[in-house]
Amino acid sequence: WGCEMMTKRSIPLLVLGLTLFTGGCDALNDLLSVDAPSQVIATDLENPAAATLLVASVANEFRCTLTYFATASALTGNEWRDASNNSVMNIWDQRVHDTSGYGSQYASADCGSNQPAIYQPLSRTRWLADLSLTLLDGWDVGDVPDKAELTAEAAMYAGYTYVLFGEAMCSVAFDDGPEQTPADAFELAVQRFDQSIGAGASGDILDAARVGKARAQLNLGQVAAAGATAGSVTAGFSLELNYSNAESVTRNKQWEFNIDDENVTVAEPYRAFMTEGMLDPRISVTDEGTTHPQTGIAIYTNDKYPDASTPVEMASWEEAQLIVAEAEVGAGNHAAAVAIIDALHTAVGLPVYSGGVNAVEVMAQIVEERKAEMFLEGHHLQDIKRLGIPLYPETGTDDGFGGAYGSQVCFDLPATEFQNNGTITGG
């Protein structure tokens, strides 16, 4: 698929025109098409001539990872509902997971799959990003003139991959290492973002690293530090990843599952999302006037991703500002947080905030702002966990298909990890 990363200003950060000495992208794809990415023999990739292609491939792999992660988290994290009674989709929506059988589909599904996928895309992206960083560290500037820039980009993507691991999984394990907590993944993310910044990241890569670091710090409960990091993000910054309809692996999966396949429907709380008495334009939803042919469930589609090639926002100034707003609330500067909310409202034509100026009410509004600003971008599942947002539908609610909604909003280490990692047991 296409190998450029695009911003809203349509500035290509990488354009591939190189051929890896092992045989180009096809050869690299063959190397990566394995069940245990961390077990891949990397000898054939250890060539400075491959540096640019390696980092571009990290960007490519993360592009797949992000759209699948956002899709999966939308189903498990309240934004979508299963409309199809598909045996796999229903498990994601139902919030009931295990390490084997159908429950392990979050581990076995991969890029190009017609179901959500988390573990394989994340694992492959993380492995390739860290491999690239290791190789770059060992290469001379004379052999790789843009070593600093490539290191900054690879480290930025590595950081985001560790963030998504921490947000998705109940526990993590890397490179045949021990079982660790999500917080350990967030700490590793901070290290990679610091590596990116320290390598001399600039422009959109720098701002993306800052947003990612602030996100990881927020997940660690380091709210003041997160606010300080986010406060340095350039006003108006937005980094979007590009997709296409060339083949299944390149498509925007939110479009595919919701609009093309109509296997999921926008959850009820988002169908007429109100802010200050107005329909919030940041969450635009269409009632298709149809129902799923097998279940009779009404199909509501999101207007955010109208086709297979619609980009997905990876990081933005708006996200950074809402992190700053949380830090302001934590510091008791409620009026400063409200000023941020008002600026976001003004930007989209909404009235200014009219609620109470105290910690509880302003923080509740920040939750609503995050729902709207980052709808279907892969954030809300983690917000549910870190902010204690009530589950929808509630635990125990009949799912309409003979089951009931559970409460598991993280994913267990899959059996494939236990089978391939000799330092942990289970599954």
Side-chain angles (χ1 to χ4, degrees), residues 1 5-6 59-82 88-89 92-93 95 105-106 109-126 157 159-169 189 208 211-212 215 219 238-244 248-261 263-267 270 282-285 301-316 318-319 322 370-385 389 409-411:
W1 64 355
M5 178 175 68
M6 305 292 287
N60 237 14
E61 292 295 344
F62 188 81
R63 184 180 292 107
C64 159
T65 295
L66 180 62
T67 189
Y68 272 99
F69 179 89
T71 299
S73 65
L75 261 172
T76 300
N78 295 358
E79 294 173 307
W80 274 346
R81 288 194 61 198
D82 172 33
V88 173
M89 290 287 189
W92 291 90
D93 180 36
R95 304 188 299 261
Q105 45 76 33
Y106 64 84
D110 203 352
C111 294
S113 173
N114 61 355
Q115 59 180 278
I118 283 184
Y119 207 71
Q120 288 212 54
L122 274 173
S123 295
R124 186 169 51 250
T125 305
R126 186 209 64 82
Y157 279 116
Y160 273 98
T161 307
Y162 280 110
V163 165
L164 298 190
F165 257 117
E167 292 182 354
M169 306 303 296
V211 175
R215 179 173 173 177
N219 290 338
S238 172
L239 184 59
E240 295 179 331
L241 302 191
N242 217 31
Y243 298 87
S244 81
S248 178
V249 73
T250 68
R251 293 176 189 144
N252 178 315
K253 292 300 171 179
Q254 289 96 319
W255 165 83
E256 183 175 306
F257 295 165
N258 180 217
I259 295 177
D260 189 44
D261 295 342
N263 282 330
V264 298
T265 185
V266 175
Y270 295 92
R282 295 169 293 183
I283 302 182
S284 180
V285 174
T301 56
N302 77 93
D303 297 335
K304 190 169 191 171
Y305 303 117
D307 56 58
S309 59
T310 310
V312 177
E313 192 164 66
M314 174 180 167
S316 69
E318 288 82 3
E319 177 187 350
L322 287 170
R370 289 180 60 86
K371 287 180 183 178
E373 288 286 352
M374 296 179 286
F375 180 54
L376 297 181
E377 292 176 5
H379 292 264
H380 192 57
L381 179 61
Q382 177 64 14
D383 282 354
I384 288 171
K385 290 185 279 187
I389 297 171
V409 289
C410 63
F411 302 91

Take R126 and Y162 through the test side-chain hydrogen bond (donor to acceptor under 3.5 Å, both in side chains) and record every step on the way to the result. CA-CA 7 Å; R126 186 209 64 82; Y162 280 110; 3.2 Å; yes
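- Counting heavy atoms from C-beta on, the side chains of Q254 and K304 never come closer than 4.5 Å.
- Between L66 and Y243, some side-chain heavy-atom pair lies under the 4.5 Å cut-off.
- With T76 contributing its side chain and W92 its backbone, the two residues share a donor-acceptor pair below 3.5 Å.
- Separation of atoms CE (M374) and NZ (K371) is listed at 12.0 Å; rounding is to 0.5 Å.
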Apply side-chain contact (heavy atoms from CB on, under 4.5 Å) to residues N302 and I259 and explain how you reach the verdict. CA-CA 8 Å; N302 77 93; I259 295 177; 4.3 Å; yes
Could you go through the side-chain contact (heavy atoms from CB on, under 4.5 Å) check for Y270 and H380 one step at a time? CA-CA 12 Å; Y270 295 92; H380 192 57; 3.5 Å; yes
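- With salt bridges taken as basic N to acidic carboxylate O contacts below 4.0 Å, one links R124 and D110.
- A pairwise comparison of heavy atoms in S309 and N242 identifies O-OD1, 4.2 Å as the closest pair.
- Summarising the geometry, atom CD belonging to E61 is positioned 10.0 Å from atom OG1 belonging to T161; distances are rounded to the nearest 0.5 Å.
- Formation of a donor-acceptor pair under 3.5 Å by the T301 side chain with backbone atoms of N258 is not found in this model.
- With contacts defined as side-chain heavy-atom distances shorter than 4.5 Å, the pair E318/L322 does not qualify.
- G166 approaches K385 most closely through the heavy-atom pair O-NZ, 4.4 Å.
- Side-chain atoms of T250 come within 3.5 Å of backbone N or O of S244 as a donor-acceptor pair.
- Between the side chain of T67 and the main chain of C64, no donor-acceptor pair closer than 3.5 Å is present.
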Set out, in order, the CA-CA distance, both residues' side-chain angles and the distance that settles side-chain contact (heavy atoms from CB on, under 4.5 Å) for D93 and W80, then state yes or no. CA-CA 8 Å; D93 180 36; W80 274 346; over 6 Å; no
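- Checking side-chain atoms of Y68 against main-chain N and O of S113 turns up a donor-acceptor pair under 3.5 Å.
- Proximity of L75 to F257: side-chain heavy atoms (C-beta onward) are nowhere separated by under 4.5 Å.
- In plain terms, the two heavy atoms of E167 and G378 that are nearest each other are OE1-O, 3.9 Å.
- Rounded to the nearest 0.5 angstrom, Y119 OH and F69 CZ are separated by 14.0 Å.
- Expressed to the nearest 0.5 Å, how far CD1 of I384 lies from CZ of R95 amounts to 7.5 Å.
- Residues forming a side chain to side chain donor-acceptor pair (under 3.5 Å) with Q115 (at least two apart in sequence, or on another chain): none.
- Nearest heavy-atom pair, A109 versus P116, reported as atom, atom and distance to 0.1 Å: CB-O, 3.2 Å.
- Taking the side chain as every heavy atom from C-beta outward, E319 and H379 approach each other to under 4.5 Å.
- Side-chain atoms of T65 and T125 form a donor-acceptor pair, as typed in the model, at a separation below 3.5 Å.
- Without hydrogens or angle criteria, Y160 side chain to A208 main chain gives a donor-acceptor distance under 3.5 Å.
- Side-chain atoms of E79 come within 3.5 Å of backbone N or O of L376 as a donor-acceptor pair.
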Go through the steps to decide whether W255 and T310 satisfy the test side-chain contact (heavy atoms from CB on, under 4.5 Å), and finish with yes or no. CA-CA 8 Å; W255 165 83; T310 310; 5.7 Å; no
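- N252 and P311 make their closest contact through ND2-O, 4.2 Å (heavy atoms, listed as atom of the first residue, atom of the second, distance).
- Pairing each heavy atom of S248 with each of K253, the nearest pair is O-NZ, 2.8 Å.
- Taking CG from D383 and CG from N78, the interatomic distance works out to 11.0 Å, rounded to the nearest 0.5 Å.
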